[in-house]
Amino acid sequence: MKNSVTCAPQSWHFEYVLRLGDNALILGQRISEWCGHSPFVEEDVAMANTALDHIGRARMLLTHAGNLQGNKQTEDDLAYSRNEREFKNFLLCELPIGDFAYTIVRQVLLDTYHFHLYAALQKSSDDTLAAIAAKVVKESTYHLRHSSEWLIRLGDGTEESQRRAQLALDNQWRFTSEFFLADEVDDVAHQAGVGVDVSLLEKLWRDNVNDILSAACLLRPEDAPLRASGRMGLHTEHMGFLLAEMQSVQRAYPGLDW
Amino acid sequence: MNKHLPLWEVFLRSRRGLEHKHVGSLHAADPEQAMQYARDVYTRRMEGCSIWVVLANDIHASQEAEGEAFFDPAEDKVYRHASFYDVPDDLKL
């Protein structure tokens, strides 16, 4: 299935990098909600570190996107002044944090995706993107280690932790098909050597996730109908609330700097 | 059941060639988790390039009450320091 996204010349490049930046920004914003609320203090620091890693990569990617667009918009313009329909992140990134098992499941699904994505992007013909990927892949290696060990601990833990982890997985699985739905932007970016081969990425992701799920004694859910409208700017009901909080200061005091 | 996860002591080596130094402690379920939390809690500002974690229960410590017997006898043995001895002038070092 192909989405119909029509691209003006070169706008695919901006769009490709913007999507990466939006995934990082929205996921980072979500993870940061654990700050002060994690199960214990060591995990609180670990979660906050992970959130900051994502915000950090969002800054690099959105700055790069702005440059590709001829410096029309800064990283702050892109993060704080766009409306909901203009954000192109995966729906999975914007879903509420849920309980700890829910967050860990999401992290495993996305950390695995990011690990293989950025490993491949290190060879991008876009030098800036390749340099960002070389930095990001190290972070994602660590994130995946943290989240996958937690998922194994939960899935292979108590009856209650197993139940919650499986429930979270069953709820989130249908959102993962969006990762591998290549549209015109992906195709053009891949042909230009800027982007990755989505079908290869999907194979690497599935193999890796299958291994983690079997180590965690969790059942891989059946593939379900697509929930894949994030890149078209069509979001879940949760996105508006997330943006309202994230953008509140810039909305109240436009252009504020400190 | 203990309310907390086991306690671990964390040692960091700040640079290659230097020794590991005790920097603090944390709670974690197992060695892998202790290692990750040590990384997250103690090396966020580039404090180290190598981490050791040790179960606090596995460390045997000298006791305060034994201090006199353990350490006081060394007080009057200045000849145990190399600097106590005069080096002969004609000794080629």
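The chains referred to below are lettered A, B, ... by the order of the sequence lines, with proteins before strands, and numbering in each begins at 1. This structure is a prediction, so every number in the text was calculated from the model and none was measured.
Counting non-hydrogen atoms of neighbouring residues, nucleotides and ligands closer than 6.0 angstrom, the CD atom of Glu68(B) reaches no more than 12 such neighbours. More than 12 heavy-atom neighbours from other residues, nucleotides or ligands sit within 6.0 angstrom of CD on Glu66(B). Atom CZ of Arg153(A) has more than 12 heavy atoms from other residues, nucleotides or ligands within 6.0 Å. No more than 12 heavy atoms of other residues, nucleotides or ligands sit less than 6.0 Å from atom CD of Glu64(B). Heavy-atom contacts from other residues, nucleotides or ligands closer than 6.0 Å to CZ of Phe70(B) number 12 or fewer. Dense packing is recorded around CZ of Phe180(A), with more than 12 heavy atoms of other residues, nucleotides or ligands lying under 6.0 Å away.
Side chains of Arg39(B) and Val45(A) form no contact here, defined as non-hydrogen atoms less than 4.5 Å apart.
Residue contact with chain B, scored on non-hydrogen atoms closer than 4.5 Å, involves the backbone and the side chain of Arg145(A) alike. Residue Ala29(B) touches chain A through its side chain alone, counting heavy-atom pairs closer than 4.5 Å.
A donor-acceptor contact closer than 3.5 angstrom is absent between the side chains of Glu42(A) and Gln33(B). Side-chain contact, Tyr37(B) with Glu43(A): a donor N or O sits under 3.5 Å from an acceptor N or O.
A distance of 10.0 Å separates CD of Glu32(B) from CD1 of Ile152(A), quoted to the nearest 0.5 Å. The OH atom of Tyr142(A) sits 3.5 Å away from the CG atom of Asp40(B) when rounded to the nearest 0.5 Å.
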